[in-house]
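A note on names: the letters A, B, ... follow the listed sequences, proteins ahead of strands, and every chain is numbered from 1.
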2 protein chains.
Amino acid sequence: MQEQIIRKLFLGFIKIHILHHAKKEPFFGSWMIEELQGHGYDMSPGTLYPILHKMESKGLLEIEEKNVEGKIRKYYKITNQGIEVLEEAKRKAFELFKEIKD
Amino acid sequence: MQEQIIRKLFLGFIKIHILHHAKKEPFFGSWMIEELQGHGYDMSPGTLYPILHKMESKGLLEIEEKNVEGKIRKYYKITNQGIEVLEEAKRKAFELFKEIKD
DNA sequence: TTTTTGATATCGCATCCCGATATTATAAAG
DNA sequence: CTTTATAATATCGGGATGCGATATCAAAAA
């Protein structure tokens with residue numbers, strides 16, 4: 001199956017996953033790459049990090065730098081606006097699911 | 001809520017809707033615009049038509065021209081490959097839904 | 001003939017995706 | 001104490017994509 005098409009189809013799914021995890025608890029970039037792989041989404045750092053930056057600059061996520069074993073990691077957590085977007089995404093995802101299931 | 005982000009989040013949803021409807025029965029472009037509006041997705045022709053062309057050139061949809069009241073309409077119906085992609089989308093949508101619900 | 005309407009097509013700019021590559025910092029190896 | 005390895009994050013180039021605005025095209029209505 002053409003990967004080109006599939007990826008684009010699911011980019012929104014991936015971003016919703018990101019918001020969802022960011023709401024559960026703060027995460028850092030390379031953890032998210034592995035998490036997404038567990039869901040069958042292969043994502044290179046060159047794709048993920050710009051997405052995180054964008055979501056942060058748009059106010060959906062915010063960064064908290066933590067010092068972990070001497071190394072600085074950037075943890076992303078969800079903002080109030082991010083929560084709103086996630087809620088809207090849930091509604092839309094539910095509606096989509098209702099329509100296409102069977 | 002920022003429309004820029006929201007739109008991108010849901011573009012995949014929209015394409016899945018398109019595949020779903022194309023499987024139920026052939027549709028034509030401007031009908032789909034209204035259908036999507038019914039789901040809360042505003043989509044201009046300048047966005048939809050290139051997407052239909054792309055999905056057709058990638059083999060997810062195929063075109064059948066019908067003469068309706070003297071005018072030619074292009075009806076899109078799903079292909080076998082399109083069905084495969086739709087099935088994959090259903091699986092992924094279900095998985096997403098399971099994870100983010102409640 | 002002119003205007004309107006419905007459907008489809010295209011243009012241009014800004015944005016975005018993503019593989020490849022680079023950067024930074026610490027730990028481990030020699 | 002250099003060198004190498006490893007983990008995490010950042011950036012670059014270019015090709016694709018989204019989308020508002022605008023155009024085309026054909027038939028019906030005025």
Side-chain angles (χ1 to χ4, degrees), chain A residues 2-18 21-22 26-37 40-77 85, chain B residues 2-18 21-22 26-37 40-77 85:
Chain A
Q2 264 94 331
E3 272 309 311
Q4 313 167 343
I5 315 172
I6 306 295
R7 290 189 92 126
K8 294 268 169 169
L9 260 182
F10 297 138
L11 248 182
F13 285 21
I14 290 174
K15 292 176 183 175
I16 292 170
H17 268 290
I18 290 174
H21 283 294
F27 65 85
F28 60 99
S30 60
W31 177 89
M32 179 57 65
I33 289 178
E34 290 180 15
E35 171 67 21
L36 290 173
Q37 269 169 353
Y41 302 110
D42 273 326
M43 184 146 244
S44 78
T47 303
L48 181 64
Y49 286 105
I51 285 174
L52 294 179
H53 297 164
K54 195 68 195 300
M55 293 174 78
E56 191 257 336
S57 78
K58 292 295 179 183
L60 305 185
L61 299 177
E62 61 186 7
I63 296 179
E64 184 180 357
E65 300 201 341
K66 283 188 190 175
N67 195 305
V68 178
E69 294 168 13
K71 297 176 187 174
I72 289 178
R73 279 191 195 152
K74 298 191 176 174
Y75 281 82
Y76 291 86
K77 61 180 179 182
V85 171
Chain B
Q2 264 96 330
E3 272 310 311
Q4 316 169 341
I5 316 170
I6 305 296
R7 291 189 92 126
K8 294 267 169 168
L9 260 181
F10 296 140
L11 247 184
F13 285 22
I14 289 174
K15 290 176 182 174
I16 293 171
H17 267 290
I18 290 173
H21 283 294
F27 66 84
F28 59 100
S30 60
W31 177 87
M32 180 56 67
I33 289 178
E34 291 180 14
E35 171 68 19
L36 290 172
Q37 268 169 353
Y41 301 111
D42 273 325
M43 199 158 226
S44 78
T47 303
L48 181 64
Y49 286 106
I51 284 174
L52 294 178
H53 298 162
K54 194 70 195 300
M55 292 175 80
E56 191 258 335
S57 79
K58 291 295 180 183
L60 304 185
L61 300 176
E62 62 187 4
I63 295 179
E64 183 181 357
E65 300 199 343
K66 283 188 189 174
N67 193 305
V68 177
E69 296 167 11
K71 296 175 188 173
I72 289 177
R73 278 194 198 149
K74 299 192 174 172
Y75 280 83
Y76 290 87
K77 61 180 181 184
V85 171

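As a whole-Å value, the separation of A:N67 CG from D:dA8 P is 13 Å. A straight line from CE of A:M32 to P of D:dT9 spans 11 Å, rounded to a whole angstrom. One interatomic measurement links the two molecules: CD1 of B:I63 to P of C:dA7, which rounds to 16 Å at whole-angstrom precision. Atom-to-atom, CE of B:M43 to P of D:dC19 comes out at 6 Å; the value is rounded to the nearest Å.
Checking A:K8 against A:H53, the closest nucleotide of DNA chain D that is more toward the 5' end is the one next to A:H53. Where B:F28 and A:K15 meet DNA chain C, the nucleotide closest to each residue was compared, and B:F28 sits on the side nearer the 5' end.
Nearest to the side-chain atoms of B:L11 among the listed nucleotides D:dA8, C:dC17, D:dC19 stands D:dC19. Residue A:S44 has its side chain nearest to C:dC18 when only D:dG18, C:dC18, D:dT9 are considered.
Phosphate proximity of D:dT17 to B:K54: present, with a side-chain N or O under 4.0 Å from OP1 or OP2. For D:dA10, the OP1/OP2 oxygens have a side-chain nitrogen or oxygen of A:K74 closer than 4.0 Å.
In this structure, the separation between CE on B:M55 and CD1 on B:I18 is 5.5 Å, given to the nearest 0.5 Å.
Ring pair B:H53/B:Y49 is tilted by interplanar angle, where 30° to 60° counts as tilted.
Between A:Y75 and A:I63, the closest side-chain pair of non-hydrogen atoms is not below 4.5 Å.
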Assess the residue pair A:Q37 and A:D42 against the criterion (side-chain contact (heavy atoms from CB on, under 4.5 Å)); give the C-alpha distance rounded to whole Å, side-chain angles, the decisive distance to 0.1 Å, and a yes or no.
CA-CA 5 Å; A:Q37 269 169 353; A:D42 273 326; 3.3 Å; yes
